[in-house]
Amino acid sequence: PLWMEGDKWKLCSDNGLIYVETNESSLGPYELKSLVGEHQLMNAGTAIMALHILKQLFSVTEKNIQDGLNFVQWPARLQNVLKDSSLEVWIDGGHNIDAGACLAKQAKTWDETSDYKLHIILSMMSRKDPKAFLEPILPYVQSVTLLSLQKHYADSLSNQQCFEKILGCFKKAFSLK
């Protein structure tokens with residue numbers, strides 16, 4: 001059978017706890033400590049639901065699930081690599097329009113709950129669309145710095161190529177002609 005979110009199960013969250021509700025039961029509450037972003041809640045919910053289904057085949061306890069959520073890491077996906085009293089550094093390897101939308105939601109949360117300013121260092125491969133990625137994030141961004149990786153990856157956009165591709169979204173965001 002196909003278990004689609006919104007059909008046979010749904011994710012709920014409340015005060016930092018997540019629950020997965022099915023037609024038959026409610027799973028949780030679970031704490032998600034190590035991943036940041038609304039999209040990570042859905043990823044965790046999907047994993048919890050998959051484990052719930054697989055309990056028929058494998059021995060998986062609620063403790064196993066919570067331990068997994070406590071220790072899960074996804075390097076370069078909204079990963080905090082530095083935090084002190086005046087600065088936080090986050091890295092994310094997102095590179096498409098969906099990643100841009102997810103990051104925009106988190107950028108909006110940060111904008112509403114913190115005094116930090118968001119500065120983006122952007123590099124893209126030539127087969128990606130940096131404008132589509134950047135456009136939803138731009139309202140929350142203080143600056144964008146372009147960093148070409150052409151020395152390491154021949155398929156990386158040069159700074160000039162990336163600038164030409166993203167210029168339109170700056171004009172739109174800041175009403176430039």
Side-chain angles (χ1 to χ4, degrees), residues 4-6 11 13 16 18 30-51 67-177:
M4 292 178 52
E5 194 277 333
L11 177 71
S13 63
I18 59 175
Y30 302 101
E31 233 180 323
L32 185 60
K33 297 177 182 179
S34 59
L35 298 177
V36 175
E38 184 180 310
H39 60 295
Q40 299 293 19
L41 293 176
M42 185 54 70
N43 290 338
T46 302
I48 292 165
M49 192 65 233
L51 289 169
D67 286 348
L69 293 172
N70 287 343
F71 298 107
V72 66
Q73 293 182 31
W74 197 353
R77 289 292 190 246
L78 271 177
Q79 179 185 7
N80 186 286
V81 294
L82 174 69
K83 184 175 185 174
D84 67 27
S85 61
S86 63
L87 174 73
E88 288 188 32
V89 176
W90 294 78
I91 58 173
D92 192 276
H95 55 265
N96 57 36
I97 192 167
D98 292 333
C102 289
L103 289 173
K105 285 181 183 179
Q106 186 59 42
K108 182 178 185 211
T109 298
W110 286 331
D111 188 58
E112 294 169 348
T113 61
S114 137
D115 291 331
Y116 291 126
K117 301 298 181 199
L118 182 58
H119 301 271
I120 290 183
I121 300 171
L122 179 69
S123 183
M124 286 274 171
M125 304 305 280
S126 63
R127 63 187 177 276
K128 301 297 178 181
D129 183 354
K131 181 178 181 264
F133 168 79
L134 191 59
E135 208 160 27
I137 307 168
L138 207 51
Y140 312 104
V141 171
Q142 187 76 25
S143 70
V144 176
T145 301
L146 303 178
L147 176 66
S148 176
L149 297 177
Q150 284 188 318
K151 288 182 181 178
H152 306 286
Y153 303 99
D155 193 29
S156 176
L157 291 172
S158 70
N159 288 341
Q160 183 64 35
Q161 290 168 321
C162 194
F163 175 76
E164 289 169 3
K165 289 179 181 263
I166 66 173
L167 183 58
C169 64
F170 281 98
K171 288 180 179 179
K172 181 179 171 185
F174 300 108
S175 300
L176 302 174
K177 295 184 181 197

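Just so you know, these numbers use all the heavy atoms, side chains as well, and skip hydrogens, waters and symmetry mates.
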Tell me if a side-chain donor or acceptor on Gln161 pairs with a main-chain N or O of Ser158 at a distance below 3.5 Å.
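Looks like yes, one N/O pair under 3.5 Å.
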Under a 3.5 Å distance rule, please check whether Ser34 uses its side chain to pair with a backbone N or O of Gln73 as donor and acceptor.
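Flag not set: sc Ser34 to bb Gln73 has no pair under 3.5 Å.
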Taking it one step at a time, do Met42 and Glu5 satisfy side-chain contact (heavy atoms from CB on, under 4.5 Å)?
CA-CA 9 Å; Met42 185 54 70; Glu5 194 277 333; 3.7 Å; yes
Shortest non-hydrogen contact from [X] toward [Y]:
{"X": "Ser148", "Y": "Leu157", "result": "OG-O, 3.1 Å"}
{"X": "Val36", "Y": "Gln40", "result": "O-CG, 3.0 Å"}
{"X": "Arg77", "Y": "Gly94", "result": "NH1-N, 3.1 Å"}
{"X": "Gly37", "Y": "Leu78", "result": "CA-CD1, 4.2 Å"}
{"X": "Asn96", "Y": "Phe133", "result": "O-CD1, 3.4 Å"}
{"X": "His119", "Y": "Lys117", "result": "CD2-O, 3.4 Å"}

What's the spacing between [X] [atom1] and [Y] [atom2] if we round to 0.5 Å?
{"X": "Leu138", "Y": "Ile166", "atom1": "CG", "atom2": "CD1", "answer": "8.0 Å"}
{"X": "Ile97", "Y": "Lys131", "atom1": "CD1", "atom2": "NZ", "answer": "9.5 Å"}
{"X": "Met124", "Y": "Tyr153", "atom1": "CE", "atom2": "OH", "answer": "14.5 Å"}
{"X": "Gln150", "Y": "Asp155", "atom1": "CD", "atom2": "CG", "answer": "9.5 Å"}
{"X": "Asp129", "Y": "Glu135", "atom1": "CG", "atom2": "CD", "answer": "9.0 Å"}
{"X": "Leu87", "Y": "Tyr116", "atom1": "CG", "atom2": "OH", "answer": "7.0 Å"}

Going by side-chain contact (heavy atoms from CB on, under 4.5 Å), name the residues that satisfy it together with Gln79, two or more places apart in sequence or in a different chain.
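Only Pro75, Val81, Ile91 meet the side-chain contact (heavy atoms from CB on, under 4.5 Å) criterion with Gln79.
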Side-chain contact, heavy-atom cut-off 4.5 Å: [X] with [Y]?
{"X": "Leu134", "Y": "Leu122", "result": "yes"}
{"X": "Leu11", "Y": "Ile48", "result": "no"}
{"X": "Asp92", "Y": "Leu103", "result": "yes"}
{"X": "Ile120", "Y": "Ile137", "result": "yes"}

Walk me through it: do Ser156 and Ser123 pass the test side-chain contact (heavy atoms from CB on, under 4.5 Å)?
CA-CA 8 Å; Ser156 176; Ser123 183; 3.9 Å; yes
Should we say atom [atom1] of [X] is surrounded by more than 12 heavy atoms from elsewhere, each under 6.0 Å from it?
{"X": "Glu164", "atom1": "CD", "result": "yes"}
{"X": "Asp115", "atom1": "CG", "result": "no"}
{"X": "Ile121", "atom1": "CD1", "result": "no"}

Does the side chain of Gln106 pick up a donor-acceptor pair with the side chain of Thr109 at under 3.5 Å?
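There is no such pair between these side chains.
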Do Trp90 and Glu88 have side-chain N/O donor and acceptor atoms under 3.5 Å apart?
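Per modelled atom types, Trp90 and Glu88 side chains form a pair under 3.5 Å.
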Mind running side-chain contact (heavy atoms from CB on, under 4.5 Å) on Leu118 and Gln142 for me, showing each step along the way?
CA-CA 5 Å; Leu118 182 58; Gln142 187 76 25; 5.7 Å; no
Val89 vs Asn80, test: side-chain contact (heavy atoms from CB on, under 4.5 Å). Steps then yes/no.
CA-CA 6 Å; Val89 176; Asn80 186 286; over 6 Å; no
